[in-house]
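We use all heavy atoms of the structure for the numbers below, so side chains are in, but hydrogens, waters and symmetry mates are not. If you're wondering where the values come from, they're calculated on a predicted model, not measured in any experiment.
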Amino acid sequence: MGVLWPLEPATAAKHRLYQRYLDAWWPILLQTSQRTGYSRPRVTLLDAFAGPGRYEGGEPGSPVFILDRLLNHTAVDRMNLTPQRVHLVFIEKDRARHEHLVSELTGQFGNLSELPVRVEVRRGEAGRDSIAVLSELHAWGHPILGIFDSWGSVNVPLEVTRRIARNRSSEVITTFGPNWFSRREELNADVLDTVFGGRQHWAPAADEARPDERWRAWLGTYRSALRRAGFAYQLQFRLVPRTGQPLYLVFGTGSDAGLKAMKEAMWKVDDRDGESFQDPRTRGAQPVGQLDLFQAFETCDPELLELVAQRLASGSAPVEAVGQWLLTETSRWMPTHALKAVRQMRQDGSVVILSSGKLTSKSQVSLPAAA
């Protein structure tokens with residue numbers, strides 16, 4: 001049929017990240033609150049570039065593993081799944097891939113209309129049809145997770161992400177392919193206007209001539225677009241496999257719980273392919289991978305030390321403020337990492353403690369004064 005392609009190492013790692021995140025996302029939104037007894041009336045997951053459902057080597061595509069992971073979740077008995085309450089929407093533009101996806105889903109799960117959740121497999125275009133499908137399913141006013149994993153050009157208008165951002169308890173994950181940042185001349189400027197919200201927002205990134213900085217400029221530009229769309233928090237990161245091309249992801253959420261859940265998912269993704277998640281701010285230190293070296297060797301990842309130094313370059317701060325910055329502004333680091341990093345940096349002489357007494361989260365720290 002010619003619709004399948006091989007599963008790249010970075011894509012496999014990305015899928016494990018999705019799985020880990022959804023393992024946390026579903027029960028957070030679907031379990032009844034033990035404190036209040038409240039149960040959300042509807043939750044929708046939108047996979048807007050669904051693909052054919054299977055890779056060349058037989059590995060499942062995102063619609064297959066998303067549905068399988070939900071139906072076989074360890075907390076499924078407490079999530080009250082019903083077709084009225086839980087909607088999974090898969091959109092695929094290509095006719096052959098759409099037909100293959102329907103075949104894959106029905107082959108594995110049987111008659112989709114008999115499942116305990118509503119599964120919609122639509123042939124359509126993500127940018128044009130996402131809002132209409134979500135409206136048809138009465139998703140607005142309830143939590144939505146939009147996954148825009150295009151495997152190429154990100155042609156989703158900012159209006160789509162803006163609508164999701166302004167919807168309660170909703171999030172987006174957008175993926176940029178490895179060649180996206182070097183193919184700007186192939187995209188219509190009007191298309192970029194719709195994606196980034198106007199030429200004035202993306203023109204500086206287009207003018208970046210340094211190859212090593214181009215991807216950072218474009219990724220930061222998209223992160224800014226999500227901020228303007230209304231997402232309080234935006235994580236941006238580069239997934240680098242041991243072999244093959246990297247992938248770039250931007251995550252938008254308005255929820256503290258969603259922010260922490262995504263970072264925890266990153267720390268749970270194993271390094272069987274030798275991949276690592278890099279923060280775009282990192283320009284010197286190379287991260288060592290997903291192994292938590294704090295537990296293994298009581299030493300800090302060089303990326304973390306570089307990022308803390310970058311934060312302190314803008315001025316002294318309490319350790320807890322550095323930790324909050326790590327949470328909201330860096331790709332994978334958590335508030336608890338700040339104190340451990342500062343402790344090592346003090347030993348190395350790369351920070352000074354301005355407060356008296358024992359080093360704690362309340363201690364004021366700074367970079368050493370320039371000689």
query: Is any side-chain N of the basic residue among R69 and D23 closer than 4.0 Å to the acidic one's carboxylate O?
result: yes
query: For the side chain of T32 and the backbone of S39, is there at least one donor-acceptor N/O pair under 3.5 Å apart?
result: no
Nearest non-hydrogen partners of A75 and M79, listed with the distance: O-CG, 3.3 Å
message: For a quick test of reading the model, state the closest non-hydrogen atom pair linking S170 to I164 and the distance between them.
response: CB-O, 3.3 Å
message: I need the K93 NZ to H98 NE2 distance, nearest 0.5 Å.
response: 14.5 Å
- prompt: Should we say atom CZ of R168 is surrounded by more than 12 heavy atoms from elsewhere, each under 6.0 Å from it?
  reply: no
- prompt: Would you call K14 and D149 a salt bridge, taking side-chain N to carboxylate O under 4.0 Å as the test?
  reply: yes
message: I'd like to know if the side chain of S224 and the backbone of G220 have a donor-acceptor N/O pair within less than 3.5 Å.
response: yes
- prompt: Is L158 linked to Y222 within one hydrophobic cluster, defined over Ile, Leu, Val, Met, Phe, Trp and Tyr using a side-chain heavy-atom separation of less than 4.5 Å?
  reply: no
- request: Report yes if the side chains of E56 and P6 come closer than 4.5 Å at any heavy-atom pair, otherwise no.
  value: yes
message: Would you compute the distance between atom CG of L145 and atom CG of L29 and round it to the nearest 0.5 angstrom?
response: 9.0 Å
task: Taking all non-hydrogen atoms of both residues into account, name the closest pair between D301 and R332 and its distance.
output: OD2-NH2, 2.8 Å
task: Under the salt bridge (charged side-chain N to carboxylate O under 4.0 Å, His left out) rule, what do R210 and E208 come out as? Steps first, then yes or no, please.
output: CA-CA 6 Å; R210 295 168 293 175; E208 176 56 65; 2.8 Å; yes
message: Through direct or indirect side-chain contacts below 4.5 angstrom among Ile, Leu, Val, Met, Phe, Trp and Tyr, which residues connect to V352?
response: L354
- line: Nearest heavy-atom approach of T74 to R78 is O-NH1, 4.4 Å
query: Between S350 and M345, is there a donor-acceptor pair closer than 3.5 Å when you use the side chain of the first and the backbone of the second?
result: yes
field: Check: D47 side chain, F90 main-chain N or O, donor-acceptor pair, under 3.5 Å
entry: no
message: Any non-hydrogen side-chain atom of V319 less than 4.5 Å from a side-chain atom of L359?
response: yes
Non-neighbouring partners of F237 that pass ring-ring contact (aromatic ring centres under 6.0 Å, His included), sequence neighbours left out: F277
- line: Sorted by chain and residue number, the ring-ring contact (aromatic ring centres under 6.0 Å, His included) partners of F251 (sequence neighbours excluded) come out as Y21
Short side-chain to backbone donor-acceptor contact, Q310 and R281, under 3.5 Å: yes
- request: Indicate, with yes or no, if the rings of W267 and W333 have centres closer together than 6.0 Å.
  value: yes
- prompt: Side chains of R118 and Q84: does their closest heavy-atom pair fall under 4.5 Å?
  reply: no
- prompt: Do Q108 and V64 come within less than 4.5 Å of each other through their side chains, counting heavy atoms only?
  reply: yes
Side-chain heavy-atom pair V195, V156 within 4.5 angstrom cut-off: no
field: Value rounded to 0.5 Å, distance of CH2 in W325 from CG in L312
entry: 9.0 Å
message: So if I apply the side chain to side chain contact (heavy atoms under 4.5 Å, CB included) rule between T253 and each of K260, Q234, E171, M262, which one comes out positive?
response: E171
message: For R54, is there an ion pair with E59 - N to carboxylate O distance below 4.0 angstrom?
response: no
query: Quick one: does T36's side chain have a donor or acceptor within less than 3.5 Å of a partner on S33's backbone?
result: no
- prompt: Considering all heavy atoms of both residues, which atom of L4 and which atom of P52 are nearest to each other, and what is their separation?
  reply: CD2-CG, 3.8 Å
task: Return yes if some donor-acceptor pair links the side-chain N/O of E303 with the main-chain N/O of D279 below 3.5 Å, else return no.
output: yes
message: Quick check on Q200: does its CD atom have over 12 non-hydrogen neighbours (other residues, nucleotides or ligands) under 6.0 Å away?
response: yes
query: Do P143 and R40 have side chains that get closer than 4.5 Å, going by heavy atoms?
result: yes
task: Please assess T282 against E306 for the test side chain to side chain donor-acceptor pair (under 3.5 Å), listing each intermediate value before the final yes or no.
output: CA-CA 7 Å; T282 306; E306 178 182 332; 4.9 Å; no
- prompt: What's the spacing between R283 CZ and L307 CG if we round to 0.5 Å?
  reply: 10.5 Å
- prompt: With a 4.5 Å limit on heavy-atom distance, are the side chains of P41 and H142 in contact?
  reply: yes
statement: Here the pair of heavy atoms bringing H87 nearest to L137 is CE1-O, 3.5 Å
query: Under 4.5 Å between any side-chain heavy atoms of T175 and F148, yes or no?
result: no
L339 CG to S363 OG distance, which is reported to the nearest 0.5 Å: 7.5 Å
message: Please evaluate residues W140 and S135 with respect to the criterion side chain to side chain donor-acceptor pair (under 3.5 Å), reporting the C-alpha separation (whole Å), side-chain torsions for both, the decisive distance (0.1 Å), and the verdict.
response: CA-CA 7 Å; W140 304 114; S135 298; 2.9 Å; yes
- prompt: Would a distance-only check, ignoring hydrogens and angles, find a side-chain to backbone donor-acceptor pair under 3.5 Å from Q344 to C300?
  reply: yes
- prompt: Does the D193 side chain pair with the main chain of R199, one donor and one acceptor, at a distance under 3.5 Å?
  reply: yes
task: Would you confirm whether R85, through its side chain, and L30, through its main-chain N or O, come within 3.5 Å as a donor-acceptor pair?
output: yes
